[in-house]
Amino acid sequence: MNIYRGFDELPPSQRLAGGAVVTIGTFDGVHTAHAEILKTLVEEARRRNAASAVVTFSPHPRALFSPHAGVRLLSDEREKARLIEAYGVDLLIVQPFTQAFAALSAEEFLREDLVGKLGTTLVVTGYDHSFGREKYNAFDFLTNVGPRYGVEAIRVPRMEIEGITISSSSVRRAVEGGDIALARTLLGRPYSLCGTVVRGKQLGRTLGYPTANIRVGEPAKLLPPDGVYAVRVHVAQEVFGGMMNIGMRPTVDDYPGRSIEVNLFDFDRDIYGQTLSVEILAWVRSEVKFSSLDNLKQQLAKDARRCRELLQA
């Protein structure tokens with residue numbers, strides 16, 4: 001998959017003879033409804049002998065329109081690209097979402113970018129995607145105006161699971177509420193985070209549970225509530241089970257900030273500086289302040305047993 005930082009980076013040769021089949025959106029989290037859009041995109045592109053292209057935005061549009069709202073992201077740019085590529089998409093265009101870009105009318109965006117720079121012949125839309133500064137419904141607008149520019153539109157209908165509309169917002173609510181099982185159902189895979197292993201106080205090693213302290217690269221990454229979780233950790237090409245604590249470490253720290261610590265089972269290697277991908281499989285317990293380190297150590301033993309059970313389930 002070729003990745004371009006905006007339409008202006010596209011080489012002139014990108015306007016292929018077969019044109020391009022395009023979908024547009026933030027695609028935060030790349031959940032199961034996004035998956036249907038991407039599958040439709042790739043199928044239609046292959047049927048038409050065209051290129052399949054995803055247009056997404058950075059930063060998230062909400063960060064421009066509501067900078068004080070503090071949008072929390074389900075996936076950083078690297079995660080999003082990896083997930084989109086898995087569906088066989090040919091091109092990913094990460095358009096800088098600036099004031100100037102946001103000011104484009106729907107027709108200007110269609111004419112100048114989608115058709116003029118990409119050669120779009122078909123747009124695959126979600127059921128509620130908006131288009132241009134007017135925030136038109138994308139499918140309705142393209143159905144009415146698209147034929148002037150030789151562009152068709154297909155709409156993928158709304159999808160629900162257990163009466164819940166699948167959307168990035170519904171996944172965020174599940175993660176924020178600690179409903180790891182629901183988040184997994186909506187995403188079609190475990191919710192995950194990526195980060196670099198940094199040096200901590202190494203207290204876990206003295207307790208018999210050495211941990212990898214993880215610094216997440218995306219400051220806006222949404223984390224689940226403080227507590228202990230059963231996890232699956234990807235280290236280079238290997239996968240290990242483990243337990244993760246997110247929180248303030250109240251028994252051992254007075255530091256006013258959240259930490260992410262992962263104890264990898266059956267693992268004893270120096271991985272400082274490496275990037276880990278952590279899949280969050282299940283919630284185990286809330287974070288608690290213990291009266292002593294001995295009590296904490298006893299609880300960690302119980303946590304480890306429970307996490308191993310969950311990993312085998």
Side-chain angles (χ1 to χ4, degrees), residues 29-30 73-76 78-83 85-86 171 174-175 178-218 221-249 251-253 258-288 293 296-313:
V30 193
L73 300 178
L74 300 171
S75 53
D76 62 28
R78 185 182 300 179
E79 290 174 298
K80 186 191 297 187
R82 176 176 53 80
L83 291 165
E85 184 177 26
V171 178
V175 174
D179 195 337
I180 301 303
L182 176 58
R184 182 173 186 164
T185 298
L186 296 172
L187 287 168
R189 64 181 187 282
Y191 187 62
S192 63
L193 57 89
C194 292
T196 304
V197 180
V198 298
R199 292 192 179 276
K201 293 185 176 181
Q202 299 186 320
L203 180 63
R205 187 172 298 278
T206 67
L207 295 173
Y209 297 92
T211 59
N213 293 266
I214 298 177
R215 179 181 295 154
V216 175
E218 171 54 70
K221 175 73 176 184
L222 177 63
L223 299 178
D226 292 352
V228 176
Y229 296 86
V231 297
R232 188 163 51 223
V233 185
H234 295 256
V235 184
Q237 303 302 315
E238 298 177 274
V239 182
F240 297 88
M243 60 178 177
M244 175 176 70
N245 184 83
I246 297 178
M248 304 295 187
R249 307 202 313 171
T251 306
V252 299
D253 257 346
R258 298 177 86 190
S259 66
I260 304 170
E261 298 177 281
V262 179
N263 171 243
L264 285 76
F265 297 150
D266 309 313
F267 183 90
D268 185 16
R269 222 181 293 164
D270 185 343
I271 52 174
Y272 289 121
Q274 292 193 37
T275 298
L276 306 185
S277 177
V278 182
E279 295 178 304
I280 305 173
L281 304 182
W283 177 87
V284 175
R285 65 171 174 85
S286 299
E287 190 173 48
V288 176
L293 291 180
L296 172 59
K297 185 175 181 178
Q298 291 173 22
Q299 183 60 53
L300 289 174
K302 295 177 183 177
D303 295 339
R305 286 195 296 272
R306 179 57 181 151
C307 287
R308 287 182 183 274
E309 291 171 359
L310 290 167
L311 285 161
Q312 293 173 358

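Bear in mind that the values here come from a model prediction, so they are computed numbers and not experimental data.
Minimum heavy-atom separation, I180 to P224: CD1-CB, 4.2 Å. Here the closest non-hydrogen pair linking F240 and R269 is CZ-NH2, 3.7 Å. Closest heavy-atom contact between L74 and G29: CB-CA, 3.7 Å. For the pair C307 and F265, the tightest heavy-atom approach, listed with the atom from each and the gap, is CB-CZ, 3.8 Å. The two residues L223 and V175 make their nearest non-hydrogen contact at C-CG1, 4.2 Å. In terms of heavy atoms, P210 sits closest to N263 at O-ND2, 2.8 Å.
Between I246 and D226 the shortest side-chain heavy-atom distance falls below 4.5 Å. The shortest side-chain heavy-atom distance between R306 and R285 does not fall under the 4.5 Å cut-off. By the 4.5 Å heavy-atom criterion applied to side chains, R82 and V30 are not counted as neighbours. Using a 4.5 Å heavy-atom cutoff, the side chains of V284 and L310 are in contact. Within the 4.5 Å cutoff, the side chain of Q299 has no heavy atoms near those of the V228 side chain. The side-chain heavy atoms of V233 and S277, taken from C-beta on, include no pair separated by under 4.5 Å.
Between the side chain of N213 and the main chain of E261, no donor-acceptor pair closer than 3.5 Å is present. T196 places no side-chain N or O within donor-acceptor distance of the main-chain N or O of Q274, the cut-off being under 3.5 Å.
Remark: R232 pairs with R184, P190, V239, E279, L281 by the side-chain contact (heavy atoms from CB on, under 4.5 Å) rule, at least two apart or across chains. Residues meeting the salt bridge (Lys or Arg N to Asp or Glu O under 4.0 Å) test with K221, sequence neighbours left out: E79.
Note: M243 CE to K302 NZ = 13.0 Å, rounded to the nearest 0.5 Å. Interatomic distance, OG of S75 versus CG of L193, reported as 12.0 Å (0.5 Å rounding). One finds the CD1 atom of I271 at 5.5 Å from the CG atom of L264 (value rounded to the nearest 0.5 Å). In this structure, R189 CZ and L83 CG are separated by 4.5 Å, a value rounded to the nearest 0.5 Å. Considering CD1 of I280 and OG of S192, their distance stands at 7.5 Å, rounded to 0.5 Å.
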